[in-house]
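The structure appears right after this line, and notes come after that.
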2 protein chains.
Amino acid sequence: MTDRYEQINDYIEALLKPRPDNVKRLEAYAEEHHVPIMEKAGMEVLLQILSVKQPKKILEIGTAIGYSAIRMALELPSAEIYTIERNEKRHEEAVNNIKEFQLDDRIHVFYGDALELADAVHVTAPYDVIFIDAAKGQYQNFFHLYEPMLSPDGVIITDNVLFKGLVAEDYSKIEPKRRRRLVAKIDEYNHWLMNHPDYQTAIIPVGDGLAISKKKR
Amino acid sequence: MTDRYEQINDYIEALLKPRPDNVKRLEAYAEEHHVPIMEKAGMEVLLQILSVKQPKKILEIGTAIGYSAIRMALELPSAEIYTIERNEKRHEEAVNNIKEFQLDDRIHVFYGDALELADAVHVTAPYDVIFIDAAKGQYQNFFHLYEPMLSPDGVIITDNVLFKGLVAEDYSKIEPKRRRRLVAKIDEYNHWLMNHPDYQTAIIPVGDGLAISKKKR
């Protein structure tokens, strides 16, 4: 029996318009070097929600090679994007890629661990959107640390909240143990987020799962 | 092998907060009387996108018993909702339900076929959001007819664009023929919409599939 989740994802991807060549080169590079960039269908939904929101300032936690920051900047021609990356090599690649796309006037990359950069990042707060796409085990810490920098009508978006669908299965027997703990951590984050007293969250089962959290009025 | 699409949908639904009792009564009524209201996970995503958008005026094509219009009005306390229903019994039920929720000051129900009511509906245009959720075979006609009434930054949302995932399968052997033709019609709509010169669309694989279409800038 084909996996309907995969089948539907493939159907949607087949409907997507081709991206510009330079974006496709970045996607090919990521695939070749096993850089976990966002799934295509998930990226389109993220960009469409941002297009509806029209944020002026976005904070991204987890730049990787700059793929999502570049796609967001291309989608939102007047937005400023601040993005954090702790891995030296990725940071370097991101800075080069952003220059190549001539977006270095609007995408600002912080080099360091997001758990230690709050003061520096606070200088350019508030942010209309905060996009959490870094170490899965730290999601709640990132939320605690940066949520106060969200503008009143702001939106916090978290990627990978379905972890390949594993959070929805009986993950008690997943091996290795480290992976099982990560699935449990994300499942815990989902329950915590969906019951957060100040936020209303919807989980979108696209790509690897997007959580859209908005401050309650 | 469990169907991951269903498994993930069940996971998300289990995380949802309980709705108010009167909403749950409406859901129970719909289930008992086989009224096709929106899936829970899909409704939450729709409401979250509307919460991000904050439309002042919404046009809904396909009221049924008023469930979606009521949920949208409860989510957006200052929005006006205009909704069209051609089935006499459903229209009556919708009007009663809306009254029971004391929302008849903000939800306005047109009785008739949406293909014949454009002039009447045009009186209260433009609309910030148009929600297409009626006869599946008429989607393109509804789009043509009402798209001109969309406000410049408006969003058109179409429900049921995945038709239980059937558009993503080989539907050439689906029986009965009428159902096969309907799947083909929705598949055709998806291709037409994704390639529309004036609109950018993202398909969200939640519930029965939501297409979010926004005018290109």
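First the proteins, then the strands, lettered A, B, ... as listed; each starts at 1. We use all heavy atoms of the structure for the numbers below, so side chains are in, but hydrogens, waters and symmetry mates are not.
Across all non-hydrogen atoms, the minimal contact from B:Leu16 to A:Met194 is CD2-CE, 3.9 Å.
The structure places CD1 of A:Ile212 at 13.0 Å from CD of B:Glu44, a figure rounded to the nearest 0.5 Å. For the atom pair CD1 of B:Ile204 and CD of A:Gln48, the computed distance is 8.0 Å after rounding to the nearest 0.5 Å. Interatomic distance, CD of A:Gln7 versus CG of B:Leu166, reported as 9.5 Å (0.5 Å rounding). A distance of 13.5 Å separates NZ in B:Lys53 from CD1 in A:Ile49, rounded to the nearest 0.5 Å.
Only the side chain of A:Lys17 has a heavy atom closer than 4.5 Å to any heavy atom of chain B. Neither the backbone nor the side chain of B:Glu13 comes within contact range of chain A; no heavy atoms are under 4.5 Å apart. Of the atoms belonging to A:Gln54, it is side-chain heavy atoms, and not backbone ones, that fall under 4.5 Å from chain B. Within the 4.5 angstrom heavy-atom criterion, atoms from both the backbone and the side chain of B:Asp187 approach chain A. Proximity to chain B is limited to the side chain of A:Val155, based on heavy atoms less than 4.5 angstrom apart. Contacts between B:Lys215 and chain A at a heavy-atom distance below 4.5 Å are absent for every atom of the residue.
Side-chain atoms of A:Arg4 do not come within 3.5 Å of backbone N or O of B:Ala168 as any donor-acceptor pair.
By the 30° and 60° cut-offs, the orientation of the rings of A:Tyr11 relative to B:His191 is perpendicular.
Most heavy-atom pairs under 4.5 Å with chain A: of the set B:Ala41, B:Gly165, B:Ser51, this distinction falls to B:Ser51. Options A:Val167, A:Asn9, A:Asn190 differ in how many heavy-atom pairs under 4.5 Å they form with chain B, and the most are formed by A:Val167. Options A:Pro205, A:Gly207, A:Ala202 differ in how many heavy-atom pairs under 4.5 Å they form with chain B, and the most are formed by A:Pro205. Across B:Leu15, B:Ile203, B:Val206, the residue that shares the most heavy-atom pairs under 4.5 angstrom with chain A is B:Leu15.
Around atom NZ of A:Lys185, no more than 12 heavy atoms belonging to other residues, nucleotides or ligands sit under 6.0 Å away. Other residues, nucleotides and ligands place more than 12 heavy atoms under 6.0 Å from the NE2 atom of A:His144. Counted within 6.0 Å of CD on A:Glu175, heavy atoms from surrounding residues, nucleotides or ligands total more than 12; the atom is thus considered enclosed. Residue-environment remark: NZ (A:Lys177) stays at or below the threshold of 12 foreign heavy atoms within 6.0 Å.
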